[in-house]
J.: 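Below is a structure I'd like to ask you about.
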Amino acid sequence: MDGSPASVTSERPPLSPTGRRPRARAVERLCHATGALLVLSGLLHLIVFVVDGGPWNGPVSWRKPVTFGLSFGLTLSAVAWVTSYLRVGARARTVLLVVFAADCVVEVAGITLQAWRHVPSHLNTGTPFDTAVAMTLALGGGVLVVVLSAFAAAAFRHRPDGPPGMAPAVRSGFAILLVGLLSGAAMIARGVLLSRAGHQQAAYHSTAPLKPLHGVSLHAVLVLPALAWLLARTSWSDATKQRIVYGAVGGYAAAVVGAAILAALTW
């Protein structure tokens, strides 16, 4: 594949008038099914929390399998859907999505395992096994950055397909998602430094200021394209749809900036 628009487009089936492919690829079905299972896992652990009790916050709680299951499940399904609008080769997209899906499962599985063992998942080097889990989760975070950065680069290299407003929604969604990934990497990096310095409890609590920024940023890749998709089902003019999308992008960006300022003031 030489990377030119003609060669990229030739690998992709024709789009419907709304910008979506007529039939979902097998990899999309795999990702949506996996995402649904991860969301189900999060919901089941919410029930476990209600029944078992215990703290919601802190390094050891049922909150982590709940929030990570829901977040990874939604993000996996969102990325599988949104990347169908990208001008990227079918084979490359399939490989990236399979890697992303596998990584999502590994991340949620590791966090869930440690929750059931009643020990911290991230930054935990108390035993060789805990260290192996923590290192696997950190490595998985690196894989997330690589895969999603590749999709973000594709979104900005060629204008995404889709109905009016979808291109800026997809590009902004991926750009904001990268902010979420970088904030997550910053949390892990600072926690590791504190842990190696012998301040284990401080390492666990050091992530708190960045959590709002991390959480808000991750789901722009679902919210903004979903808005563009819904607007495509209305009878409003293309100009109106575009203005609404750009307004939503501005509002979301303002929320991210606000969360970043809060993190800077309290970190």
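On a predicted model such as this, the values are computed, not experimentally measured, just so you know.
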J.: Less than 4.5 Å apart, any side-chain heavy atom of Val245 and any of Leu224?
T.: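 Side-chain contact under 4.5 Å: no.
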J.: Of all heavy-atom pairs between Thr136 and Ala132, which one has the smallest distance, and what is that distance?
T.: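 In this case the closest contact between Thr136 and Ala132 is OG1-O, 2.7 Å.
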J.: Is Leu222 reachable from Val147 through a run of I, L, V, M, F, W or Y residues, each pair having side-chain heavy atoms under 4.5 Å apart?
T.: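 Looking at the clustering, Leu222 is in a separate group from Val147.
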J.: Distance only, no hydrogens: is a donor on one side chain within 3.5 Å (strictly under) of an acceptor on the other, for Arg243 and Thr240?
T.: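 Side chains of Arg243 and Thr240: pair found under 3.5 Å.
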J.: Does the plane of the ring in Phe72 sit parallel, tilted or perpendicular to the ring in Phe68? Use 30° and 60° as the thresholds.
T.: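 Parallel.
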J.: Do the non-hydrogen side-chain atoms of Leu113 and Phe129 ever get within less than 4.5 Å of each other?
T.: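 Yes, their side chains come closer than 4.5 Å.
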J.: Is any side-chain heavy atom of Trp56 less than 4.5 Å from a side-chain heavy atom of Thr67?
T.: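 Of all side-chain heavy-atom pairs linking Thr67 with Trp56, at least one is under 4.5 Å.
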J.: So do Arg63 and His45 actually touch side chain to side chain, heavy atoms under 4.5 Å?
T.: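 Heavy-atom side-chain distance check fails, nothing below 4.5 Å.
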J.: Any idea how Phe174 and Phe151 line up, ring-wise: parallel (<30°), tilted (30 to 60°), or perpendicular (>60°)?
T.: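 The arrangement is tilted - the two ring planes meet at 30° to 60°.
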J.: Is there side-chain contact between Ile244 and Trp236, with at least one heavy-atom pair below 4.5 Å?
T.: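 A side-chain contact exists here, since the closest heavy-atom pair is under 4.5 Å.
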J.: Any idea which heavy atoms bring Gly110 and Leu137 closest together, and the distance?
T.: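 Answer, listing the atom of Gly110 first, then Leu137: CA-CD2, 4.2 Å.
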J.: Nearest 0.5 Å please: distance from the CG atom of Leu262 over to the CG atom of Leu213.
T.: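 Answer rounded to 0.5 Å: 9.5 Å.
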J.: Just checking, any donor-acceptor pair under 3.5 angstrom between side chains of His122 and Lys64?
T.: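 Yes, a side-chain donor-acceptor pair sits under 3.5 Å.
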J.: So Thr34 and Cys104, side-chain contact (heavy atoms from CB on, under 4.5 Å) or not? Walk me through it.
T.: CA-CA 9 Å; Thr34 304; Cys104 288; 5.9 Å; no
J.: What heavy-atom pair brings Met166 and Trp229 nearest, and what distance separates the two atoms?
T.: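 Where Met166 meets Trp229 most closely, the heavy atoms are CE-N, 3.8 Å.
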J.: Check whether any side-chain heavy atom of Ser149 sits under 4.5 Å from a side-chain heavy atom of Leu178, and report yes or no.
T.: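 Of all side-chain heavy-atom pairs linking Leu178 with Ser149, at least one is under 4.5 Å.
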J.: Provide the closest heavy-atom pair for Val216 versus Val256 in the form atom of the first, atom of the second, distance.
T.: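 Minimum heavy-atom separation between Val216 and Val256: CG1-CG2, 4.1 Å.
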J.: Consider only side-chain heavy atoms of I, L, V, M, F, W and Y, link residues closer than 4.5 Å, and tell whether Leu144 and Leu70 are in one cluster.
T.: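 As far as the 4.5 Å side-chain criterion goes, Leu70 and Leu144 are not connected within one cluster.
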J.: When you look at Ser71 and His219, which way does the side chain to side chain donor-acceptor pair (under 3.5 Å) test go after all the steps?
T.: CA-CA 8 Å; Ser71 182; His219 298 294; 3.3 Å; yes
J.: For Thr83 and Arg93, does a side-chain donor sit closer than 3.5 Å to a side-chain acceptor?
T.: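 There is such a pair (donor and acceptor under 3.5 Å, judged by atom type) between the side chains of Thr83 and Arg93.
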J.: Do the side chains of Thr125 and Asp130 get nearer than 4.5 Å, heavy atoms only?
T.: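 No; the side chains remain at least 4.5 Å from each other.
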J.: Would you say Val221 and Leu148 are hydrophobically clustered, going by side-chain heavy atoms of ILVMFWY under 4.5 Å?
T.: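 Yes: a chain of side-chain contacts under 4.5 Å links Val221 to Leu148.
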J.: Between Leu86 and Pro160, what is the shortest heavy-atom contact and its length?
T.: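 In terms of heavy atoms, the two residues are closest at CD2-CG, 4.2 Å.
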J.: Please say yes or no: joined through hydrophobic side-chain contacts below 4.5 Å, possibly via intermediate residues, are Val179 and Ile261 part of one cluster?
T.: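 Unlinked, Val179 and Ile261 end up in two clusters.
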J.: CE of Met187 to NE2 of His214: how many Å apart, nearest 0.5 Å?
T.: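 That separation rounds to 4.5 Å.
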J.: Side chains of Tyr246 and Lys241: does their closest heavy-atom pair fall under 4.5 Å?
T.: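 They are not in contact (no side-chain heavy atoms under 4.5 Å apart), so the answer is no.
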J.: Can you name the nearest heavy-atom pair linking Ala80 to His32, along with the distance?
T.: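 Smallest heavy-atom distance, with atoms named: CB-CE1, 4.1 Å.
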J.: Can you hop from Tyr85 to Leu74 via hydrophobic side chains spaced under 4.5 Å?
T.: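 In one cluster with Tyr85: Leu74, no.
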J.: At what distance, to the nearest 0.5 angstrom, does OG of Ser183 lie from CG of Leu210?
T.: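 Here the interatomic distance stands at 6.0 Å.
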